[in-house]
Amino acid sequence: MTRTVYVNGEYLPEDQAKVSVFDRGFLFADGVYEVTSVLGGKLIDFAGHAKRLQRSLDELQMANPVTEDELLEIHRELVRANGIEEGLVYLQITRGAADRDFAYPKDPVPTIVLFTQSKPGPAENPLARTGMKVISIEDQRWGRRDIKTVQLLYPSMGKMMAKAAGADDAWMVEDGHVTEGTSNNAYIVKGNTIVTRHLGTEILHGITRAAVLRFAREAQMVVEERPFTVAEAKAADEAFITSASAFVMPVVEMDGQPIGSGAPGRVTARLREIYLDEMRKAAV
Ligand code: PMP
């Protein structure tokens with residue numbers, strides 16, 4: 001079956017969808033994106049993603065070509081047209097096409113593209129039972145990581161470094177402190193306390209992070225939002241990551257050293273369960 005994608009107001013077969021070679025997303029990475037998970041044919045935390053999308057656009061003075069209601073409708077139509085039970089919807093908005101110039105063009109028409117990816121069984125991912133291995137690498141990204149831009153080359157390089165080292169992902173480190181994973185937020189657990197870096201320009205404000213911290217506090221867990229070091233991570237009882245596509249995923253090894261028992265921890269497993277239960281209930 002040919003996938004149906006959405007481009008600038010039209011639903012098209014993927015091989016007929018086109019974007020200009022002058023698009024600033026292509027030339028300058030002048031674009032933002034969101035990834036929303038689909039479970040049971042429904043969208044997980046759509047409202048959170050729509051809100052962060054608007055924030056990213058505002059930070060870049062980029063126009064939003066759709067209302068939140070229209071965006072929801074497009075997401076639902078793509079999920080329906082492509083028969084997605086489990087997977088994700090990818091959304092990208094760029095500043096649009098213009099003659100190449102570093103300065104933003106005057107009144108550009110934004111480009112909007114959405115497509116789906118089917119990914120059966122994300123909630124039953126076997127990594128949730130075995131846990132992930134990470135390596136630590138220097139964080140060499142730009143300074144506005146709170147804006148969800150399509151400028152993802154360093155995270156790609158990080159994933160390749162992890163792969164070359166026989167690991168699943170890399171945690172990035174700046175001034176001795178972990179910022180986040182290449183495509184996820186990073187956490188450690190010591191006793192009953194969950195530690196994750198505070199919000200700022202150094203990390204992406206994860207939508208899954210917000211939900212998981214809310215559920216953790218509701219479950220009377222202690223949450224500390226502060227930077228933590230690589231040494232702290234290696235001495236932690238548990239570690240985990242969160243993202244819209246991985247949900248809550250245990251991390252059991254860093255730089256070849258086991259974290260805690262070297263197996264997924266109790267706090268992580270509980271948070272994953274609560275997150276999946278609550279988000280499935282609230283899915284649209
Ligand atoms: N940090 C980075 C750098 C990411 O790329 C992502 C996923 N896009 C996240 C954190 C997690 O964010 P979310 O929970 O909204 O998927």
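As the structure is a prediction and not an experimental result, all values here were calculated from the model. Start at 1 and go down the list; that is how both ligands and their atoms are numbered.
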Would you check whether Met172 reaches within less than 4.0 Å of ligand 1, judged by its heavy atoms?
-> no
Can you find an N/O atom of Ala244 closer than 3.5 Å to an N/O atom of ligand 1?
-> yes
Counting both backbone and side chain atoms, is some N or O of His49 under 3.5 Å from an N or O of ligand 1?
-> no
Contact check, side chains of Pro227 and His198, non-hydrogen atoms, under 4.5 Å | yes
The single option from Lys148, Lys51, Arg52 passing salt bridge (Lys or Arg N to Asp or Glu O under 4.0 Å) against Glu34 = Arg52
For atom 5 (O) of ligand 1, closest protein heavy-atom neighbour | Ser183 CA, 3.4 Å
Geometric cation-pi criterion, Arg95 with Tyr104: 6.0 Å, 45° | yes
Proximity to ligand 1 by part of Leu152, non-hydrogen separation under 4.0 Å = neither
For ligand 1, the portion of Asn184 having any non-hydrogen atom under 4.0 Å away | backbone
Please check if atom CZ in Arg270 has more than 12 non-hydrogen atoms from other residues, nucleotides or ligands closer than 6.0 Å.
-> no
Flag Ile207 as yes when one of its N or O atoms lies below 3.5 Å from any N or O atom of ligand 1, and as no otherwise.
-> yes
Within 4.0 Å of some non-hydrogen atom of Arg141, the atoms of ligand 1 are 3 (C)
Looking at Arg52, which atoms of ligand 1 are within less than 4.0 Å of one of its heavy atoms?
-> 12 (O), 13 (P), 15 (O)
Hey, is the main chain of Ile84 close enough, under 3.5 Å, to the side chain of Asn82 for a donor-acceptor pair?
-> no
With a 4.5 Å heavy-atom cut-off, do Asn185 and Ile203 have their side chains touching?
-> yes
Polar contact flag for Ser245 and ligand 1 (N/O pairs, less than 3.5 Å) = no
Numbering as shown, the atoms of ligand 1 that approach Asn185 to under 4.0 Å (heavy-atom distance) | 10 (C), 11 (C)
With a 4.0 Å cut-off on heavy atoms, is Thr182 touching ligand 1?
-> yes
Among all protein heavy atoms, pick the one closest to atom 1 (N) of ligand 1 and tell me residue, atom and distance.
-> Glu180 OE1, 2.6 Å
Taking the six-membered ring for Trp, are Phe102 and Phe28 parallel (under 30°), tilted (30 to 60°) or perpendicular (over 60°)?
-> perpendicular
State if His205 counts as touching ligand 1 under the rule of any non-hydrogen atom under 4.0 Å.
-> no
Nearest heavy atoms of Pro155 and Thr182, plus distance in Å | CB-O, 3.4 Å
Output yes when Glu180 and Arg209 qualify as a salt bridge under the 4.0 Å nitrogen-oxygen rule, no when they do not.
-> no
Test of ring centre spacing under 6.0 Å for Phe228 and Tyr187 = no
Is any side-chain heavy atom of Glu14 closer than 4.5 Å to a side-chain heavy atom of Phe115?
-> no
Polar contact flag for Thr208 and ligand 1 (N/O pairs, less than 3.5 Å) | yes
Structural part of Glu34 in contact with ligand 1, heavy atom criterion under 4.0 angstrom = neither
Considering heavy atoms of the protein only, find what lies nearest to atom 12 (O) of ligand 1 and give residue, atom and distance to 0.1 Å.
-> Gly206 CA, 3.5 Å
closest protein heavy atom to atom 8 (N) of ligand 1 is Lys148 NZ, 2.3 Å
